[in-house]
Amino acid sequence: MFTKQFRALRRIAAAVVAAMAAFTVAPAAAQDKVKVGVFPVSSSLPYFVALGRGIFKAHNIEPETIALMGGPPNVAALITNQIEVSSVLVMLEGMNAKVKKPGVAMYIGVHSQTKVWQMEQFVVRKGFEATSIKDLKGAKLMSAPGPANLNTAKAVLAKVGLKEGDYTIDQLDMGQHVNAMIAGTFDGGYTLEPNASTMRKMGVARTLEAGLISKYILGDESANAYAAGCAFTTDFINARPEVARRFAAAWSMAIDFINKNPEEARKHLAKNTYTPDDVVDMVPMLGYIMTKNMNPKQLTDLQNFADFGTQIGVVPEKIDVTKVIKAF
């Protein structure tokens, strides 16, 4: 009888162990680390949204954030494989890098800049007399860093009749733009968001005009100026295709969230960019889109901007833009 009871207890114990095992969660697989160069401006918003809202984590991605200020440092890091992804790479500088090392920057997402989706703009400090860009004759100007930004600023000035010598212009780190306006170091300049919104909020500068690339470079205020976007290295895509696919999927989800919930998305600019808490709600959104979803008109706008890069010498040879985008 004892033996029968012992056997019964063993059967019960085995059943209990089996039931417990059924509810035991297997250890989570280690997340795939990806080195990401991050330029802390508002156009990096999809990265901050994907990071802050757990979208990367849900796709089993663990980004390693490497702060890089402007296009040239991002390009250098991509070329040397110090990073696998650039959260926002200036388009013309990415195309220039392609000439040096084919496939070094493949854009999976881009954003449109217009007079509605504001990014690049000319500003003037408080007290400087100017009502339009042509009034910058004789001004001491600053520019967002990098050859693409500097040469675009000069091209816009030329379009309104100002030639080199009619003004001075120097590249300045984005983190110094607001302080430069406060100190009066420059009369104005070509700056980006969120700096322009911060200047206006503080009352230290005002915007003369935004949507500059669409109007002066592409010749159409409604044209999409795809001046930057998220780029992968081809080495990353080829070496870890599944990780690249999941990163792109997370990016796409972040873009969808931004487009559907712009007010909530804006909150991710605080602490991640040079945006004070009381300016977050003022910062304009951009026209974020995955490159796989671009229509023929949008691709034409991108090609026209690339051709401009060749005209001003930032891109040394004509580029077919379909060769620098990757659909996931």
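All values derive from a computational prediction rather than experimental measurement. All residue numbers in this chain count up from 1 along the given sequence.
Taking all atoms of both residues into account, the shortest heavy-atom contact from M282 to D278 is SD-O, 4.3 Å. Here the shortest heavy-atom pairing between L269 and S42 reads CD2-CA, 3.7 Å. For the residue pair K292 and A327, the shortest heavy atom distance occurs at CB-CB, 3.6 Å. The two residues F305 and L218 have their closest heavy-atom pair at N-CD2, 3.8 Å. Closest heavy-atom contact between I217 and A155: CD1-CB, 3.8 Å. Of all the heavy atoms in A97 and V75, the pair that sits closest is CB-CG1, 3.6 Å.
A single hydrophobic cluster is seen to contain both L89 and V314, as judged by linkage of ILVMFWY side chains at heavy-atom distances under 4.5 Å, directly or through other members. By the rule that hydrophobic residues join a cluster once side-chain heavy atoms approach within less than 4.5 Å of another member, L286 and V280 end up as members of separate clusters. Note on M174: it does not cluster hydrophobically with I182, by side-chain heavy-atom contacts below 4.5 Å among ILVMFWY residues. A continuous path of hydrophobic side-chain contacts links V49 to M253 [ILVMFWY only; heavy atoms under 4.5 Å]. L172 is not connected to L141 by any chain of hydrophobic side-chain contacts under 4.5 Å among Ile, Leu, Val, Met, Phe, Trp and Tyr, and they are in different clusters.
Judged purely by atom type and a 3.5 angstrom limit, D135 has no side-chain atom pairing as donor or acceptor with the backbone of A130. Looking at D166, its side chain does come within 3.5 Å of a backbone N or O of K163 through a donor-acceptor pair. Without hydrogens or angle criteria, T291 side chain to K326 main chain gives a donor-acceptor distance under 3.5 Å. Judged by distance alone, with hydrogens and angles left aside, the side-chain atoms of H268 form no donor-acceptor pair with the main-chain N or O of L45 at under 3.5 Å. Within the 3.5 Å criterion, the main-chain N or O of I79 finds a donor-acceptor partner in the side chain of K101. Side chain of S44 to main chain of P40: no donor-acceptor pair is present (N/O by atom type, distance under 3.5 Å, no hydrogens or angles). Remark: the backbone N or O of L92 is not paired with any side-chain donor or acceptor of N96 at under 3.5 angstrom. Between the E193 side chain and the S197 main chain, a donor and an acceptor come within less than 3.5 Å of each other.
Taking the six-membered ring where the residue is Trp, F232 and F328 present tilted rings, their angle falling between 30° and 60°. Ring planes of F56 and W251: tilted class, angle from 30 to 60°.
Side-chain contact check for M294 versus N224: every heavy-atom pair is 4.5 Å or farther apart. Residues I83 and L78 meet the side-chain proximity criterion, which asks for heavy atoms closer than 4.5 Å. With contacts defined as side-chain heavy-atom distances shorter than 4.5 Å, the pair K126/M181 does not qualify. Residues M285 and R266 meet the side-chain proximity criterion, which asks for heavy atoms closer than 4.5 Å. In this structure, the side chains of H111 and V88 come closer than 4.5 Å at one or more pairs of heavy atoms. With contacts defined as side-chain heavy-atom distances shorter than 4.5 Å, the pair M142/Q176 does not qualify. Contact check for L208 versus L136: side-chain heavy atoms found under the 4.5 Å cut-off. Residues P72 and E93 form a side-chain contact, since some pair of their non-hydrogen atoms from C-beta on lies under 4.5 Å apart.
Judged as a side chain to side chain contact (heavy atoms under 4.5 Å, CB included), and not counting sequence neighbours, the contacts of E164 are K154, Y167.
Across T300, N304, L302, a single residue satisfies side chain to side chain contact (heavy atoms under 4.5 Å, CB included) together with V321, and that is L302. No option in H177, Q121, E120 other than E120 meets the side chain to side chain contact (heavy atoms under 4.5 Å, CB included) test with L192.
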Verdict with reasoning, N195 to V123, per side-chain contact (heavy atoms from CB on, under 4.5 Å): CA-CA 10 Å; N195 281 348; V123 297; over 6 Å; no
Stepwise side-chain contact (heavy atoms from CB on, under 4.5 Å) test for K57 and Q31: CA-CA 8 Å; K57 186 175 182 180; Q31 292 195 316; 3.2 Å; yes
side-chain contact (heavy atoms from CB on, under 4.5 Å) evaluation trace for F186 with D170: CA-CA 9 Å; F186 294 90; D170 294 293; 4.2 Å; yes
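Around atom NZ of K267, more than 12 heavy atoms belonging to other residues, nucleotides or ligands sit under 6.0 Å away.
No side-chain donor from either of T114 and S214 sits under 3.5 Å from a side-chain acceptor of the other. A side-chain donor-acceptor contact under 3.5 Å links D307 and Q303.
Within the structure, every pair that satisfies the side chain to side chain donor-acceptor pair (under 3.5 Å) test and touches residues 225-237, not counting sequence neighbours, is listed here: N81-D235, Y226-Q298.
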For residues 236-250, which side-chain N or O atoms pair as donor and acceptor with protein atoms under 3.5 Å away, sequence neighbours left out?
residue : atom : partner : partner atom : Å
R240    : NH1  : K33     : O            : 3.1
R240    : NH2  : K33     : O            : 2.7
R240    : NH2  : E84     : OE1          : 3.2
R240    : NH2  : E84     : OE2          : 2.7
E242    : OE1  : R245    : NE           : 3.2
E242    : OE2  : R245    : NE           : 3.4
E242    : OE2  : R245    : NH2          : 2.5
R246    : NH1  : D32     : OD2          : 3.3
R246    : NH1  : H59     : O            : 2.8
R246    : NH1  : N60     : O            : 3.2
R246    : NH2  : D32     : OD2          : 2.5

